Amino acid sequence: MEDEAPHVAVLPSIGIGHLISLIEFSKKLVHHHNFHITLIIPTIGSPPDAMIEALHGLPSTINHIFLPPVQYEDMPKNDPTRLLIVKATSLSLSPLRQVIKSLSATTKLVSFIADAFAIDFVDVAEEFNVPWYVYLPLSAMCLSLLLYLPTLSELVSCEYRDLIEPVKLPGCIPIHGNDLFAGLQDHKSEYYQWLLSMTKRLPLAKGIMINSFRELEAGTIRVFQEKTLCKSPVYAIGPLVRMGTNNLDNDDVSNCLKWLDDQAQGSVILVSFGSGGTLSNEQMNELAFGLEMSEHSFLWVVKSPNNESVTGTYFSIQSQNDPFDFLPRGFLGRTEGRGLVMPSWAPQAHILSHASTGGFLTHCGWNSVSESIVNGVPMIAWPLFAEQKMNAVLLTNDIKVAIRPKVGENGLVVREEISEVVKNLMGGEERKRMCEVMSGLKEAAAKALAIDGDSSNALSELAMEWTNHKKID
């Protein structure tokens, strides 16, 4: 066993976005540091097709194991999605224990890496005396919030959304309480109590990894290096993004890329709300009319509306209806030529890297934000759930590479506002300024990931620690 390559167990949280980020992390380890990886994946119900596709074609040194799926009938009814994820993790501890027992006996298991939102899994690592680390597939700002939360919870007695003054997170720009992580917005909820307990466990990790890089969030990362907020070392190893997909032979995808080839350079705005986000029927109509009124070229990844939840495509909730049926009458005909509408999914990484793409209307999921930065594409920030409002604040108020549309009193972003922000993003002085900043960030991201870059060096430091795992205290 001592002659074998060091082995790392990687535990993503439930959700395709978290899995994709940890897949990219695993690829870095095996390509540059001669590790073997086992991805141990919990699910609720059968793994979705997008998850199967993401795991296809991985290097032979990355194995994956699906834990027995937690069944919907075993889950509490009417719980929010985020709480279901937590409870599914706890129901997966027993089968995980068997997997780690086997890996400990058959491989040189040197490290156990858990997604921060699956931190309950580290109980198994402690049982087998395997050093455990945490991976947060989010921004440094989000980690600052999580590490500061135990202190913040003692300072604030009201709900965060009711705070008059902005919250001052260590190393970050001030942020209004209403823009903090959505899971914090009900102090009495079971999820809030779990989140608070999770944040108290984070500093116990041997190390914490974040999918960010120094030039993007310099002030926050500096606070981590000073270790005033957390004694455990924090490693900025990003931006880790998925650069391609295995679905390019799909007819819709081929037509999409051919359509982009025919558009002028920098003329198209990509509109996508990620793998889980949905809009209401009324908001979907406003968006359609706003894109039409803007008179700019667009590529819209459209999903069927969901009037109950902005996370309406998580798990098996996705509507089976044709999303085109919900578009305004005549919309496709009126926008033919300058607009392309893709049902449910599109090769986002390829679109953002295409020369014709000049803007991105995004839900501000961190994977999407990172892909946009790597490709130097300015954004319209339209957050829906989770930490996405925090990301929007970072992009608009701090880094200043995005525009955030105003939400009306009825909770809608109206068509006139949508048209205006699209025009501002795609033309004029504001666009020129954002493109200059984005160009610098694109270059900085490439340098961070170069062989001697900050992010690569941080990962090398971790790899050295794991290779010499017997020396770990």
Side-chain angles (χ1 to χ4, degrees), residues 8 10 17-18 20-35 37 113 115-116 133-144 171-173 207-227 229-230 232-244 348-349 352-353 360 362 364-379 387 390-391 394-395 398-402 434-466:
V8 176
V10 176
H18 289 241
I20 286 174
S21 190
L22 274 165
I23 286 174
E24 297 308 316
F25 164 78
S26 300
K27 288 179 181 177
K28 287 281 184 182
L29 271 184
V30 302
H31 285 156
H32 299 292
H33 300 287
N34 195 34
F35 280 80
I37 306 289
I113 300 169
D115 186 302
Y133 297 73
V134 167
Y135 180 84
L136 183 69
L138 304 175
S139 67
M141 179 188 243
C142 286
L143 180 58
S144 179
C172 305
I173 61 169
I208 304 171
M209 291 156 274
I210 52 173
N211 189 13
S212 189
F213 60 105
R214 182 172 56 83
E215 289 81 357
L216 184 65
E217 300 182 90
T220 315
I221 291 174
R222 189 180 306 116
V223 168
F224 299 150
Q225 292 171 339
E226 294 168 355
K227 295 194 174 182
L229 188 58
C230 176
S232 297
V234 174
Y235 302 90
I237 60 172
L240 300 178
V241 301
R242 191 182 185 190
M243 300 306 294
Q348 182 168 293
L352 287 171
S353 65
F360 185 17
T362 173
C364 297
W366 193 244
N367 284 347
S368 292
V369 168
S370 300
E371 288 177 9
S372 206
I373 289 170
V374 164
N375 289 290
V377 179
M379 289 166 271
E387 90 295 351
M390 293 183 66
N391 297 340
L394 179 69
L395 296 171
D398 189 1
I399 308 171
K400 298 181 179 178
V401 292
M434 287 192 293
C435 285
E436 288 177 359
V437 177
M438 266 300 199
S439 178
L441 286 175
K442 177 181 179 179
E443 182 177 347
K447 287 182 178 178
L449 295 173
I451 293 176
D452 59 347
D454 288 345
S455 296
S456 295
N457 287 338
L459 190 57
S460 294
E461 184 179 341
L462 279 165
M464 183 67 69
E465 184 172 318
W466 297 333

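None of the values given here were measured: they were computed from a predicted structure. The residues of the chain are indexed from 1 along the displayed sequence. Computation of the quantities below employed the complete heavy-atom set of this structure, encompassing side-chain atoms and omitting hydrogens, waters and symmetry-equivalent molecules.
Remark: the backbone N or O of Ser456 is paired with a side-chain donor or acceptor of Ser460 at under 3.5 angstrom.
Among pairs with a residue in residues 449-464, those fulfilling salt bridge (charged side-chain N to carboxylate O under 4.0 Å, His left out) read Arg214-Asp454, at least two apart in sequence or across chains.
Here Phe25 pairs with Tyr135 under the ring-ring contact (aromatic ring centres under 6.0 Å, His included) rule; sequence neighbours left out. The side chain to side chain donor-acceptor pair (under 3.5 Å) search around Ser212 returns Glu217, not counting sequence neighbours. For Val223, the side-chain contact (heavy atoms from CB on, under 4.5 Å) partners are Pro170, Thr228, Leu229, not counting sequence neighbours. With sequence neighbours left out, the side chain to side chain donor-acceptor pair (under 3.5 Å) criterion links Lys28 to no other residue. With sequence neighbours excluded, the residues that form a side chain to side chain donor-acceptor pair (under 3.5 Å) with Asp115 are His18. Taking the salt bridge (charged side-chain N to carboxylate O under 4.0 Å, His left out) definition, one finds that Glu436 meets it with nothing, sequence neighbours left out. A search for ring-ring contact (aromatic ring centres under 6.0 Å, His included) contacts involving Phe360 returns nothing, not counting sequence neighbours. Residues meeting the side chain to side chain donor-acceptor pair (under 3.5 Å) test with Ser368, sequence neighbours left out: Gln348. Residues satisfying the side-chain contact (heavy atoms from CB on, under 4.5 Å) test with Asp398, not counting sequence neighbours, are Ile173, Leu394. In terms of the side-chain contact (heavy atoms from CB on, under 4.5 Å) criterion, residue partners of Ser455 (sequence neighbours excluded) are, by chain and number, Phe213, Ala448, Leu449. With sequence neighbours left out, Asn391 forms a side-chain contact (heavy atoms from CB on, under 4.5 Å) with Ser139, Cys142, Cys364, Trp366, Glu387.
Taking OG from Ser21 and CD1 from Ile210, the interatomic distance works out to 11.5 Å, rounded to the nearest 0.5 Å. Note that the CZ atom of Arg222 and the CD atom of Glu226 stand 7.5 Å from one another [nearest 0.5 Å]. With values rounded to the nearest 0.5 angstrom, Ser370 atom OG is found 8.5 Å from Leu240 atom CG. Summarising the geometry, atom CD1 belonging to Ile113 is positioned 7.5 Å from atom CG belonging to Leu462; distances are rounded to the nearest 0.5 Å. Annotation: the span from Ile373 atom CD1 to Met438 atom CE amounts to 5.0 Å, rounded to 0.5 Å. Interatomic distance, Ile23 CD1 to Ile37 CD1, rounded to the nearest 0.5 Å: 11.5 Å.
Between Ile208 and Cys230 the shortest side-chain heavy-atom distance falls below 4.5 Å. Residues Glu215 and Glu443 fail the side-chain proximity criterion, which asks for heavy atoms closer than 4.5 Å. Residues Leu216 and Ile399 are in side-chain contact: their nearest non-hydrogen atoms beyond the backbone lie under 4.5 Å apart. Ser144 has its side chain within reach of Phe224: a pair of non-hydrogen atoms, C-beta onward, lies under 4.5 Å apart. Contact check for Glu24 versus Val241: no side-chain heavy atoms found under the 4.5 Å cut-off.
The nearest pair of heavy atoms linking Leu459 to Ile237 is N-CG2, 4.0 Å. Shown here for Met434 and Lys400, the closest heavy-atom pair between the two residues is CG-O, 3.7 Å.
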